[in-house]
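First comes the structure, then the notes that go with it.
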Amino acid sequence: MSESVLTSEKGIGRSPAERHRPKGDGMRGFMSSSRSDYVILAIFALAVLTMPVWLAPIGAGYPDILQKFAIFGIFALGFNILFGFSGYLSFGHAAFLGTGSYAAVWMFKLLSMNALIAVVFAIVVAGIFALLIGYVSLRRSGIYFSILTLAFAQMSYNLAYSVLTPITNGETGLQTSRSDPRILDTMMGADPHILRTPDFFGIALQGWPGFYFCAILLILAFFVTMRIKNSTFGLMLFAIKSNQNRMNYTGFSTRPYLLAAFVISGMYAGLAGGLLAVTDPLAGADRMQWTASGEVVLMTILGGVGTLLGPVIGAAVMKYLEQIFSSFNEGFLHRSFDFLPTGLQDFVVTIVSPFVGEGWHLTLGLLFMIVVIFLPGGIMEGIAHLTRRFRKGETGGSGQTARTGH
Amino acid sequence: MGALAQTPFLSSSRKLLEGSLVGSMDAIILQILNGLDKGGAYALIALGLTLIFGTLGVVNFAHGALFMLGAFCSVTFARLLTISERVRDESVTFFEAYKEIPYLEVWYGDTGRAIVDWAVPLSILLAVPFMLLVGFAMERGLIRFFYKRSHAEQILVTFGLAIVLQEIVKYFFGANPIPLTAPPALAGSADVGALFGMPNVSYPMWRIVYFLFSLAVIAAVFAFLQLTTFGMVVRAGMADRETVGLLGINIGRKFTIVFGIAAVVAGLAGVMYTPILAPNYHLGMDFLVLSFVVVVVGGMGSLVGAVVAGFLLGILQSFASMTEVKDILPGIDQIIIYLVAVVVLLVRPRGLMGRKGVMES
């Protein structure tokens, strides 16, 4: 699945990357950068695969939530390729997430419960959809681009609810049923009339296998993103972000690069949508709503726009906060503030309760504002600040070494 | 309409044809009327958005939330007026029944009852100072720190603010829509058709009131901008902010006031809309996206454009929801506004009335 993304990225970026590299430290630079890349990748892979162990102490060591971390990590990674690298803020990315979900469920219905087929189809459909929308939307930039993507996403959402009901099953949402043909499964001799969960060549993707399936795809997606960031293609996107006019004056047509970035990030969203359908074979139009698009923007910002790791962290932090905050209720609060004297306890619970449970979105909105106001670089920038300060203290306040060290 | 296609040349069918033409004229007028009140709301929100964008250069995604806050001013005011006393219901004699009578009615009798009935229009009295305050607080507390930052960051922070505002409202008022009624004198339907010589066109009175109200607010805003010195400075600021600043005019103060005015306009739009659509906490979000589209279609930074596009898209939307149109293009009513926006952005990016060179990229 990822191969197709990978080759297309290679075709655009990788080979000229090697050609254009300055002669002086060219080979060395390339070698060392790629070696450190693989170190990062290895650490990342290790961290993702051992999440069940090291996230267990904070109560996130179960497959359902870790799966969400991985899926929305992929979504945010893809969004970051567009927004973080090229600076184009799409407010309609949820449309691709929804399309991916619908495509995957259709595969479950028509062909097979094999997750691989569904996910590949989801990526392809979302990619084509992104190509169409991107081709039109990228004729404009800045806020107009945001509004165009928003308009397209809202159109998709509205149509999914109304006219496209034969495809999307309207408000009920698309789901698998006993009467689906499932041609491939039938050919393989399976009884199509028994509803099964999505599988990966016989391994039912429930619980831990489900998580590892998503985790491996997340690692693959991370690898591809890393390659894109380090390629000339990635460099082009960053150049567009910093000064598009200059790019144009230099004689580059920026649109093909932007379109490629848009389609790739749409495919990531499709993959994430497909995986959502794998974890639960049900697709609804509410996945396409513009608040869902806003959510992925927040994840990316929260983690750190334009950084490699940031969006994944942002997605995980947000899904984690959503999980714990929305599960709190008043009784839980009373128990957790038990150590306080009664009057104070009631007071604290009254203050806190609007922010948890049903009120989780209030916390979300506040978080959104606080991050944008005080930490536009997100968690990654925060970490960088902290390490810089820490190092400064260590080396006796010589900022010079700290900066070069960074 | 069907008669048109069948036998238009037969004299016997002429009468039928005329009848259907008159019938379709009725339908057209009805659709235009339908579009006017919604268009009025779009126009008012878009006007504020444009005002803010033109002077402050800020993309305010929280403007829909201001509309929603206005609507909830109405709800609050109506609730304040109907704080009631529990009294024994004398009409029920079998058991002890109680009913609630608003204190206003207890104290002032019929005058009190009239005040309660007219709660929605009267809540303007609450909405204007409240929205002004909210606008000032928003500009001083948040927006002014974002003048120099990118549009993306402005969008994001105001989007966050919109979520916060709507969640606060949800916390206090619940998630369900709260219906309010128009004053009884304005609640019926009006024979507007009589004005055009069409006796069978009648239309809810309050919607017409809303349309006229929106026209009045728009006229007031334009009069303020055209006839006062302050308005002149604002218009100058919209044309060239830097120069106005260089001339020694305290733009900061002016910006705050402009933001306050825009908030009041959105709030008023919300106050009067409550009898048409029962407000709930995400009312603002629903209107915001559409209003943004309206601003883009009208032309970023063009006040007239915002108003014209608001009414135009409102009418267009109501035409698209006619069954005759939907039969030909199913689902068109759902997407028409976005479709128009896409076409306008691609063909004429500065919008219908946008000035050349303003935000055209």
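Protein chains get the first letters and strands the later ones, always in sequence-line order, with residue 1 at the start of each.
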What's the separation between atom [atom1] in [X] and atom [atom2] in [Y], rounded to the nearest 0.5 Å?
| X | Y | atom1 | atom2 | result |
| --- | --- | --- | --- | --- |
| Leu345(B) | Leu148(A) | CG | CG | 4.5 Å |
| His361(A) | Tyr281(B) | NE2 | OH | 7.5 Å |
| Leu156(B) | Thr300(A) | CG | OG1 | 10.0 Å |
| Glu167(B) | Trp360(A) | CD | CH2 | 10.5 Å |
| Gln154(B) | Ile143(A) | CD | CD1 | 8.5 Å |
| Ile332(B) | Ser162(A) | CD1 | OG | 10.5 Å |

Looking at Phe145(B), Tyr171(B), Phe292(B), which one has more heavy-atom pairs under 4.5 Å with chain A than the rest?
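Maximum pair count with chain A is reached by Tyr171(B).
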
When only pairs under 4.5 Å are counted, which of Val289(B), Val59(B), Ile168(B), Ile163(B) shares the most heavy-atom pairs with chain A?
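Between Val289(B), Val59(B), Ile168(B), Ile163(B), the count favours Val289(B).
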
Going through the checks in order, is the side-chain contact (heavy atoms from CB on, under 4.5 Å) test met by Met369(A) and Leu142(B)?
CA-CA 10 Å; Met369(A) 288 174 65; Leu142(B) 182 71; 3.9 Å; yes

Region of [X] in contact with chain A, defined by heavy-atom distances below 4.5 Å:
| X | value |
| --- | --- |
| Leu165(B) | neither |
| Phe159(B) | side chain |
| Ile336(B) | neither |

If you look at every heavy atom in Leu366(A) and Val164(B), which pair is closest and at what distance?
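Of all heavy-atom pairs spanning Leu366(A) and Val164(B), the closest is N-CG2, 3.4 Å.
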
Student check: side-chain heavy atoms of Arg149(B) and Pro376(A) closer than 4.5 Å:
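SC-SC contact between Arg149(B) and Pro376(A) confirmed.
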
If you define the side chain from C-beta out and look only at heavy atoms, does anything of Met155(A) sit under 4.5 Å from Val342(B)?
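They are in side-chain contact.
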
May I ask you to check whether over 12 heavy atoms, not counting those of [X], lie within 6.0 Å of atom [atom1]?
| X | atom1 | answer |
| --- | --- | --- |
| Tyr135(A) | OH | no |
| Phe172(B) | CZ | no |
| Arg246(A) | CZ | no |

Given the options Ile373(A), Val305(A), Leu364(A), Leu164(A), which has more heavy-atom pairs under 4.5 Å with chain B than any of the others?
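Of Ile373(A), Val305(A), Leu364(A), Leu164(A), Ile373(A) has the most heavy-atom pairs under 4.5 Å with chain B.
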
For the residue pair Phe61(B) and Phe91(A), categorise the inter-ring angle as parallel (less than 30°), tilted (30 to 60°) or perpendicular (more than 60°).
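Tilted: the ring planes of Phe61(B) and Phe91(A) meet at 30° to 60°.
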
Between Phe152(A) and Tyr338(B) (judged by ring centroids, cut-off 6.0 Å), do the two rings come close enough to count as a pair?
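Here the rings of Tyr338(B) and Phe152(A) have centres that are no less than 6.0 Å from each other.
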
Region of [X] in contact with chain B, defined by heavy-atom distances below 4.5 Å:
| X | answer |
| --- | --- |
| Leu362(A) | both |
| Tyr157(A) | neither |
| Leu367(A) | neither |
| Val163(A) | side chain |

Checking Val157(B) against Phe368(A) for the side-chain contact (heavy atoms from CB on, under 4.5 Å) test, could you report, in this order, the C-alpha distance in whole Å, the side-chain angles of both residues, the deciding distance, and whether it holds?
CA-CA 7 Å; Val157(B) 80; Phe368(A) 211 127; over 6 Å; no

